[in-house]
Every structure is written in structure tokens, then in C-alpha cells.
Protein chains: 2
Amino acid sequence: MATKSRIKTEARPTSTVEQYIKVIFSQQERAEGEIVGMKQLADAMAVTPGTATSMVKHLSARALVDYTPRKGVLLTATGRKLAVTMIRRHRLIETFLEQVLGYDWTEVHEDAEALEHAVSERFIERIDTYLEYPQTDPHGDPIPDSSGAIERRLSVPLDRCSEGDQVTVVRIGDEDPEFLILMKEHMLTPGEVFLVTEINPTAGTLSVCHIESKALFTLGLAAGARILVAPIH
Amino acid sequence: MATKSRIKTEARPTSTVEQYIKVIFSQQERAEGEIVGMKQLADAMAVTPGTATSMVKHLSARALVDYTPRKGVLLTATGRKLAVTMIRRHRLIETFLEQVLGYDWTEVHEDAEALEHAVSERFIERIDTYLEYPQTDPHGDPIPDSSGAIERRLSVPLDRCSEGDQVTVVRIGDEDPEFLILMKEHMLTPGEVFLVTEINPTAGTLSVCHIESKALFTLGLAAGARILVAPIH
DNA sequence: ACTAAGACTTTGACGCATCAAAACATATAA
DNA sequence: TTATATGTTTTGATGCGTCAAAGTCTTAGT
Ligand SMILES: [Mn+2]
Ligand SMILES: [Mn+2]
Ligand SMILES: [Mn+2]
Ligand SMILES: [Mn+2]
């Protein structure tokens, strides 16, 4: 055991590749498995469309995506595996930052975005153990287990509820700290229970009443789309 | 507060720059402030000398080092500040991995090497608080405080002790897991007390006796140089 | 069927970090 | 002093990830 191992260590994807794959996955999710166009991908990655095209060719050569020129891109089984690994890392890290290091709900995403590309498999398994295998991250998003299985939850976007529905908040979109701060102010956090008091397509608003505090809150339908809820019975 | 901040965020050095600065610092330490040559730097960075030269010019343009062509390189005050920041990050991360996540003494260095370039200032301050401001890392190396001050300790390399000296282990060089495993087997860890029973320059060995267990251990003088000890009274 | 608007791809360029190999400088030994 | 070894710099090249701008394709509207 005194000699340095000469075994060809499987090269880890660059953080750029990891990020593209993660973003393609979420775009694909968002659109029910629809093919992801270059403009859409470029926007989500904050790069120019030409950059997206050339990167996608690279991902295709690495067998992480199926690329149909002038159509778009879909993850292969391999790509999906990597995407789920990344999502697991991201969400475990977010949970760890909140639970252990006392980060605020609104701060975890930014740091997780960088750490997810730097942590080792060992680190991830250790924090998973430390946290006792959490099911969801601070925003209510499910954490895939180490085999890649993601819990399927029955939930609907808040803007697709009907007046009179009583719902439990399941998940709040996590990318925008401003949004998260506002939601927290009105107790729109995972686990809280609300009554949908009004849906107004004309005004583009919806209103909810926090059951516990009786507080009322009105928000735009687009904002409502970023909140997932589970109807109560 | 609804508009995105347009303040020019001070660009963080690339992880490559961070790593060069950290390595220049430790080479400079090792040689009592001697100027660091390109071959020495190239070897420590595992790059070719030409690469070191071009990088050093870049560091010099960034005012992180003073570069004298054909002589070598020394950190500027700015460079030293960055180096100490990196060392603080590295050692706090190592301590955190061991204390909180249950990493073994021998495993922490590798992960810290990657994480130190990815963590935020917020992360570092949080783990510092969580650990209650530790003074030393798992290998006995001092952790600079957030103002950059490093505790000065009086210690000497084990190979420069004399027969009959009684010493406390202060620090074990942390880069080589093999070495760390062996040292741990013989209880050569920070805090343990030993008697130097023999120094044999001819054979190139030295022997120590673990006071508590009476166990004897013989090692090479080069290995001894990687162990710092404090003579007892 | 024609056209205009978008989406998409290609091309040429750049910055960063690296290497290999050639050219050069310096120090020491003969 | 001259030769040789060693360290150093330069040059030309490469891969990655990116942009700007020019050109191409597709789609939907008239
Ligand atoms: Mn997130
Ligand atoms: Mn999240
Ligand atoms: Mn270390
Ligand atoms: Mn250490």
C-alpha cells in the first residue's frame, strides 16, 4: 500500500457541465418533458444562444443529452442521473446550511449554488447522515435519496386552486431572495395552512387567508405559480 | 429595495490565483522569508516552470507579489493578506470536517483543498462561530483569526531535539495521508507527550518513547522534520 | 405562396491556465 | 577563464467557456 494508486479516476464533469445539466433538467421538468430550446437554455444559463449551442454539442458528445439541431435538447438517462445527483447535492447543502449553520431561509440558495460543484461524495453522505436523511430542503423541495429516487408529491400551483380551497403550503420557489423574504413575512412557508379566498383572473391576483393568524394576503397569479400547495382532504 | 444592486462587486481571485498565493506563502515560511524561485514554485504547484513564470507575472500585475526576474518572488502585503485568508479558510474547514462531520484526521486535507476556494465569507464566519473560535486545526496548525493575526508558538522540529528531551507534540504536517495514518498508529498526534530516546545522525533515525504507554517508535530524520514539538520546561 | 420575425448555428475572437520545447542567463566547477 | 549544469524565460500551441456578429432555418401571419 506504499505506492500511489495509478487507477484512472473517472474524471468528474466540470462545474459548467454540472450546471448546464441541472438547468436542462429543471427546464425539462417545468415544461412536462418538452424539448428544451437553445434560447430558453441560454436565458436560464445567462449566456448567449451561440454559447448554449456549442456547449450542448459538447454535452451531446459526452452522451449526457440528445441534441436535435434546430429543435433542442433532452437529457439522456446518463444526463438525468447526473442532474439528480446535482439536485441532491444542492438540496442537502441548503438544508445543512439552514439546520446546522443557522443560515436564513433566504440565504441558503446562493451558497449552495457554489458549494454543490466543490463538495465530495463523502461530504454529501456525511451531511445526509448528520441531518438524518431529510426528505425536503428548506423551500419544501424533495431531496433525492442516494440511489436517485425522488419522492413524488401530489401538489398543485397555488394559482390553479379554486376559491374556498383549504391548502397546505408544500413548496416555495427558491431562487429569488426578495420573493422569499416577502413570502416569509406573510407566513407562506412549507407546512402553513391557508384558505384561498379569491381568484381574480381579470385583475391577475389571488388572495389567501392564513388559518392560524387570520391574516389576509394578496399576490399576483405569476407569483402564485411559484408556490406549490396540497389541497386538504 | 426592489431594484437589483448595481454596485460593482469586488471580483474574487480565481481559485488558481488563491492556490498560487497560498503556496508561495508556505514556501516563503519554510525558507525563513527567502525569495521563492520558479522551479520551487512550479514543483509545489505541480506545473511546469514556464507556467509558473507566466502566472507570477500575472500575480505581479495584480500587486500580489514582488517579482524579480531570474531571482524569484515574494508576497506583497496584499498577497500576504490573501494568503492568510486562505490559510484561515483551509484550517477552519479542516477543523469543521473533523469536529462536526466526523471526518478522520487523515481525510480532512483533501476536501478542504477544494472547499477553501468555494466557500463564502459567510460560511467561514458561521463555522468559526459554530466551533467557538478554535485556535488550531486537527494537525495542530494555528488558525488565523478574522483580522488575520496568527498565534506564534514556540516549537521546534522533532529532529532538532536532543536525546533526553521530553516534548509535547504540537503539529504534524498534513498533506500526506499515508504519513498521518502511520503517525496516528504511534500516537504521534498533537498534545501527546514523548521522550526523545535517541538521535542517530549516522543512521538518519531518531527514536521516541510515548510517556503514557511506554511504546517506542523509530523514524527517519526527514519524517522528524515534519513534526513540531514543544520541549517541556 | 410570400414574407417577416424569431430561433438557431456558425465563425472568429478572447481570457485563463496550461504544456513542450527552444533560447537564454547564472553560478559553480574545472 | 571556460565549460557545464541548472534554473529561467519565451514562444507557439491547446482546451474550455465565453461573446459578438453574421448568416441560416422555421414558423406563422397575411
Ligand atoms: Mn436552491
Ligand atoms: Mn431549495
Ligand atoms: Mn491541510
Ligand atoms: Mn491542517
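Each chain gets a letter, A, B and so on, in the order its sequence line appears, and its residues count up from 1.
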Student: List in chain and number order the residues that pass side chain to side chain contact (heavy atoms under 4.5 Å, CB included) with B:Pro49, two or more places apart in sequence or in another chain; answer none if no residue qualifies.
Tutor: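 Residues passing side chain to side chain contact (heavy atoms under 4.5 Å, CB included) with B:Pro49: B:Ala42.
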Student: What residues form a side chain to side chain contact (heavy atoms under 4.5 Å, CB included) with A:Ser147, not counting sequence neighbours?
Tutor: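 So A:Ser147 forms a side chain to side chain contact (heavy atoms under 4.5 Å, CB included) with A:Asp145, A:Ala149.
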Student: List for me each residue that meets side chain to side chain contact (heavy atoms under 4.5 Å, CB included) alongside B:Ser120, sequence neighbours excluded, and say none if there are none.
Tutor: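 Testing B:Ser120 for side chain to side chain contact (heavy atoms under 4.5 Å, CB included), a comparison that skips the adjacent residues, returns A:Tyr103, A:Asp111, B:Arg122, B:Phe123.
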Student: Who are the side-chain hydrogen bond (donor to acceptor under 3.5 Å, both in side chains) partners of A:Arg30, not counting sequence neighbours?
Tutor: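 In terms of side-chain hydrogen bond (donor to acceptor under 3.5 Å, both in side chains), with neighbours along the sequence ignored, A:Arg30 is linked to no residue.
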Student: Measure NE2/B:His58 against P/C:dT18 and give the value in whole Å, please.
Tutor: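 Whole-Å distance recorded here is 12 Å.
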Student: Just jot down the side-chain hydrogen bond (donor to acceptor under 3.5 Å, both in side chains) partners of A:Asp43, sequence neighbours excluded, or say none.
Tutor: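 Scan of A:Asp43 (side-chain hydrogen bond (donor to acceptor under 3.5 Å, both in side chains), adjacent residues dropped) gives A:Lys39.
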Student: Of the residues in residues 15-32 of chain A, which ones touch DNA chain D at a heavy-atom distance under 4.0 Å?
Tutor: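 DNA chain D contact set from residues 15-32 of chain A: A:Thr16, A:Tyr20.
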Student: Taking atom P of C:dT18 as reference, at what distance in whole Å does atom CG of B:Leu41 sit?
Tutor: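 Answer to the nearest Å: 11 Å.
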Student: Would you kindly give the CG-to-P distance between B:Asp43 and C:dT18, to the nearest whole Å?
Tutor: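 Atom-to-atom, B:Asp43 to C:dT18, this comes out as 14 Å.
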Student: Is B:Arg91 salt-bridged to B:Glu116, going by a charged N under 4.0 Å from an acidic O?
Tutor: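 Salt bridge between B:Arg91 and B:Glu116, a charged N being under 4.0 Å from a carboxylate O: no.
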Student: Taking ring-ring contact (aromatic ring centres under 6.0 Å, His included) as the definition, give me every residue that meets it alongside B:His90, ordered by chain and number, with sequence neighbours left out.
Tutor: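 Result, ring-ring contact (aromatic ring centres under 6.0 Å, His included) vs B:His90: B:His109.
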Student: If only side-chain N and O atoms of A:Thr48 are considered, is one of them under 4.0 Å from the OP1 or OP2 phosphate oxygen of D:dC19?
Tutor: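 A:Thr48 to D:dC19 OP1/OP2: side-chain N or O found under 4.0 Å.
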Student: Determine, for nucleotides 8-15 of chain C in 5'-to-3' order, which nucleotides have protein heavy atoms under 4.0 Å from the base (write B), from only the sugar-phosphate (write S), or from neither (write -).
Tutor: BBB-----
Student: List for me each residue that meets side chain to side chain contact (heavy atoms under 4.5 Å, CB included) alongside B:Val84, sequence neighbours excluded, and say none if there are none.
Tutor: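 With neighbours one apart ignored, the set is B:Phe25, B:Pro144, B:Ile150.
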